Visitor: 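I'd like to ask some things about the structure below.
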Amino acid sequence: MATRGVKQLTKLRIFFCEHGGSSNNIRDYIASPAIIQFATKNPTVEVIAKRRNGKHPYIQAEYVTGYSKQVCIKNEETERIEKVVTMLNDSSGRKITKITKPVKTDTPSVQGVWTPMLDIANKSFDIQIKN
């Protein structure tokens with residue numbers, strides 16, 4: 001995902017075990033041409049594959065903002081691994097914040113679905129701002 005034309009993902013690290021059964025599919029993914037295609041499509045992303053013997057595999061993504069995301073891919077199929085890589089590439093890395101209070105504004109706007117059937121050109125409106 002790009003924010004103001006700047007690609008947000010900078011590094012994609014893939015950690016896997018050489019011997020572990022939970023890393024079978026990620027080893028197949030690394031050996032396949034899919035990871036090379038991803039790297040050529042995204043030249044601004046640094047793709048790193050690291051061995052981490054005796055541990056479950058995961059993918060870690062680092063973003064321009066300094067945030068990082070980590071996704072466990074233990075026993076995941078190759079298609080799911082491709083979806084995870086695409087999801088990490090398409091996300092901005094920002095934390096999701098829940099809006100708990102109603103949003104208030106000093107400049108109210110007209111909201112709703114616009115249709116060409118609306119005949120509001122010759123009508124007057126009385127707008128009052130309450131504090």
Side-chain angles (χ1 to χ4, degrees):
M1 180 176 175
T3 302
R4 297 185 185 126
V6 177
K7 192 85 167 154
Q8 296 296 299
L9 183 65
T10 57
K11 286 185 185 177
L12 188 73
R13 292 188 176 128
I14 302 170
F15 294 91
F16 66 98
C17 177
E18 285 181 305
H19 315 291
S22 63
S23 295
N24 275 341
N25 293 329
I26 190 63
R27 287 192 303 264
D28 293 341
Y29 179 71
I30 292 171
S32 73
I35 193 72
I36 296 170
Q37 290 172 357
F38 173 80
T40 53
K41 283 183 185 176
N42 302 292
T44 59
V45 179
E46 183 180 351
V47 180
I48 303 168
K50 286 191 174 184
R51 286 179 294 175
R52 193 168 172 253
N53 290 332
K55 306 287 184 183
H56 290 299
Y58 65 93
I59 298 177
Q60 182 181 18
E62 290 184 15
Y63 297 92
V64 173
T65 56
Y67 290 118
S68 66
K69 287 184 181 180
Q70 185 172 317
V71 179
C72 178
I73 49 171
K74 176 176 75 170
N75 295 323
E76 294 289 351
E77 295 296 323
T78 308
E79 294 83 22
R80 169 75 176 130
I81 294 169
E82 288 179 15
K83 286 182 183 177
V84 167
V85 169
T86 305
M87 182 266 306
L88 290 171
N89 188 37
D90 292 343
S91 66
S92 66
R94 290 191 208 118
K95 303 289 183 191
I96 297 173
T97 57
K98 183 176 181 181
I99 299 173
T100 57
K101 297 179 182 176
V103 178
K104 296 190 179 193
T105 181
D106 293 331
T107 55
S109 65
V110 178
Q111 297 186 3
V113 179
W114 181 87
T115 63
M117 304 304 174
L118 289 176
D119 186 26
I120 58 172
N122 298 323
K123 293 184 180 178
S124 62
F125 297 97
D126 183 31
I127 299 175
Q128 297 177 358
I129 300 175
K130 296 180 181 178
N131 290 334

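We count residues from 1, following the sequence as given. Everything numeric here is computed off the predicted structure, so don't read it as measured data.
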Visitor: For the backbone of Leu9 and the side chain of Asn89, can you confirm whether one donor and one acceptor N or O come within less than 3.5 Å of each other?
Guide: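 Not at all, since once roles are kept as given, no pair shorter than 3.5 Å links the two residues.
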Visitor: Tell me the closest heavy-atom pair linking Arg80 and Glu76, and the distance in Å.
Guide: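 So the minimum-distance heavy-atom pair works out to CG-OE1, 3.1 Å.
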Visitor: Where is the tightest heavy-atom contact between Ser23 and Cys17, given as atom of each residue plus distance?
Guide: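 Minimum heavy-atom separation between Ser23 and Cys17: OG-N, 3.1 Å.
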Visitor: Roughly how far, to the nearest 0.5 Å, is the CD atom of Gln8 from the CD atom of Glu62?
Guide: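 Nearest 0.5 Å value for the CD-CD distance: 13.5 Å.
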Visitor: Using every non-hydrogen atom in the two residues, find where Glu46 and Ile48 come nearest and quote the distance to one decimal.
Guide: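 Distance-wise, the nearest heavy atoms are OE2-CD1, 3.5 Å.
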Visitor: Are Val47 and Ile81 connected into the same hydrophobic cluster when the rule is that any two of I, L, V, M, F, W, Y join if their side-chain heavy atoms are below 4.5 Å apart?
Guide: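 Yes, Ile81 and Val47 fall within the same hydrophobic cluster.
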Visitor: If the condition is side chain to side chain donor-acceptor pair (under 3.5 Å), which residues does Asn24 pass it with, not counting sequence neighbours?
Guide: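 Per chain and number, Asn24 pairs via side chain to side chain donor-acceptor pair (under 3.5 Å) with Arg27.
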Visitor: Taking only residues two or more places apart in sequence, or in another chain, which ones meet Ile30 in a side-chain contact (heavy atoms from CB on, under 4.5 Å)?
Guide: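 Per chain and number, Ile30 pairs via side-chain contact (heavy atoms from CB on, under 4.5 Å) with Ile14, Phe16, Ile26, Ala49.
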Visitor: Give me the atom names and distance for the closest heavy-atom approach of Gln60 to Ser68.
Guide: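 In terms of heavy atoms, the two residues are closest at NE2-OG, 4.1 Å.
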Visitor: Find the distance between NE2 (His19) and CG (Asn53) and round it off to the nearest 0.5 Å.
Guide: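 The CG atom of Asn53 is 4.5 Å from NE2 of His19, to the nearest 0.5 Å.
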Visitor: For Asp126 and Gln128, which heavy atoms make the closest approach, and how far apart are they?
Guide: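 Taking every non-hydrogen atom into account, OD2-NE2, 3.2 Å.
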Visitor: Hydrophobic cluster membership, with links at side-chain heavy-atom distances under 4.5 Å among I/L/V/M/F/W/Y: are Phe15 and Leu12 in one?
Guide: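 No: no chain of side-chain contacts under 4.5 Å links Phe15 to Leu12.
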Visitor: Can you check whether Tyr29's main-chain N or O pairs, donor with acceptor, with Thr78's side chain at less than 3.5 Å?
Guide: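 It does not hold such a pair.
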Visitor: Where do Lys7 and Val64 come nearest, in terms of heavy atoms and distance?
Guide: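 In terms of heavy atoms, the two residues are closest at O-CG2, 3.5 Å.
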Visitor: Taking Tyr67 as the starting point, is it possible to reach Leu88 by hopping between hydrophobic residues whose side chains are less than 4.5 Å apart?
Guide: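 In one cluster: no.
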Visitor: How long is the straight-line distance from CD of Gln37 back to OG of Ser32, given to the nearest 0.5 Å?
Guide: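 Here the interatomic distance stands at 8.0 Å.
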Visitor: Please check if Tyr63 and Tyr58 belong to a single hydrophobic cluster, counting links between Ile, Leu, Val, Met, Phe, Trp and Tyr side chain heavy atoms closer than 4.5 Å.
Guide: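 Hydrophobic grouping puts Tyr63 apart from Tyr58.
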